[in-house]
Amino acid sequence: MLMQNRVVMLVDFDYFFAQCEELRNANLKDKPVVIGVYSGRTEESGAVSTSNYIARKYGVKSGMPLFMAKRKLKGTEAVFLPVDHAYYDQISNRIMQILRGYATSLEQVSVDEAYLDVTEQVQGSFEKTKDYAQKIKAEVKSRVGISFSVGVGPNKLVAKVACDSQKPDGLTVVKPEEAKGFLAPLPVDRLLGVGKKTSAKMEALGIKKIGDLASYDVQKLTAVWGKILGVYFHNAANAVDDEPVQEQGEAESISRIGTLKQDSHDLAFVLQKTDELTEDVAKDVAERSVSFKQVAIYVVLTDLSSKSRSLTLEQPARDKETIKRYVKELLNRFLSETQVEVRRVGVKVSDFSREEPHQRQLTGFFQTSCDQ
Ligand code: TTP
Ligand code: CA
């Protein structure tokens, strides 16, 4: 396979968890917003997951203890919120789905990052990538409301460093002939796989910048780090990376979550909401032409505790009625276990495959007949 002239894009959503929170509450936009993982021991204990750029100006960083972030934001209108992974996954899935339509292959690396191979779409031309990336940005912004940063390069490694160099809402294109020069002045730890320990070891050898690493004798590198790592460092520093953009199979799940009009312990009332959510989940399932084998519910109770329950089907399914039936069963069981009222509820299907579900035509036939 010819590996030259690839056009690879890395898309990285801006301050993702915090931006998702701004999306559902516009009042947050001009305030410092901190998303925290609360350890639950005391109200204050826990760490910062991420924060918006206003909070970052005050020195808030991911991983910082919450009490420290509070101290830094004292006297501001800062808002602290707990992580809501189900909601962020939902937004992420919607964006990934849009991105898929713009690439020959998409490799999702985390909830907010994906590599896209767009070589064919831009006919191998780096001149065209800027407009192309702008178009993708505009579509995601208008359909989902989320901004992201893009790095474009001749391979994944350069695309990643390019993306990191300009955030938020960045767009950095590094052409193949510029790649080595682009990397050269940057510190070695900007390369994937060069952490604190490795960069300290490199510094001891007089290697500080990626450019220093690029011209360092490769034999000496392999003598220190072994053949695989030594050669990787040498190639990476020289902007050489042949790793393909590889589809990781289907996204793990499709889900929707919503808040009840009022807290309730009544099965029929909660089912009205889950049926509504199931409609959307089923639409996504159909659009993606996948079958699922697992159905799950997610419940947030009035005491703010959250629970999930799931079951695995014997055969893969893809229809709405199957989801509704199992969600009802799961909810029924769940409500009989607790007295506490439900506040929010979610529906999720997962364990995807592309096989035709068993007796699909027959089931399809019955369904169509019943609908009429
Ligand atoms: P990042 O992409 O590292 O950060 P970000 O999206 O918040 O900000 P930006 O890309 O604009 O710099 O991480 C993605 C999400 O992962 C982030 O929104 C929250 C989560 N996260 C943690 O929970 N803990 C962490 O230490 C980090 C770095 C991220
Ligand atoms: Ca991000």
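Computed from a prediction, not measured in an experiment: that's the story for all the values here. Both ligands and their constituent atoms are indexed starting at 1 by order of listing.
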Quiz item: What is the minimum heavy-atom distance between Val48 and Pro65, and which atoms define it?
Solution: CG2-O, 4.5 Å
Quiz item: Any chance the side chains of Gln121 and Thr104 put a donor and an acceptor closer than 3.5 Å?
Solution: yes
Quiz item: Which protein N, O or S atoms sit under 3.0 Å from the Ca ion (ligand 2)?
Solution: Asp12 OD1, Phe13 O, Asp112 OD2
Quiz item: Are the charged groups of Asp131 and Lys135 less than 4.0 angstrom apart, N to O?
Solution: no
Quiz item: Looking at Arg256 and Asp284, does any basic side-chain N land under 4.0 Å from a carboxylate oxygen?
Solution: yes
Practice problem: Tell me whether the centres of the aromatic rings in His85 and Phe17 are closer together than 6.0 Å. | Solution: yes
Quiz prompt | N-O pairing of Glu337 and Arg309 below 4.0 Å | solution = yes
Quiz item: Is there a donor-acceptor contact under 3.5 Å from the side chain of Asn52 to the main chain of Lys31?
Solution: yes
Exercise. Write out the protein residues near ligand 1, meaning a non-hydrogen atom under 4.0 Å from one of its atoms, in order of chain and number.
Key: Asp12, Phe13, Asp14, Tyr15, Phe16, Phe17, Ser49, Thr50, Tyr53, Arg56, Ser62, Asp112, Lys167
Quiz item: Between Glu329 and Arg333, is the closest basic N to carboxylate O distance under 4.0 Å?
Solution: yes
Exercise. For the pair Thr50 and Arg56, evaluate side chain to side chain donor-acceptor pair (under 3.5 Å) and give the outcome as yes or no after the intermediate values.
Key: CA-CA 9 Å; Thr50 193; Arg56 290 182 199 192; 3.2 Å; yes
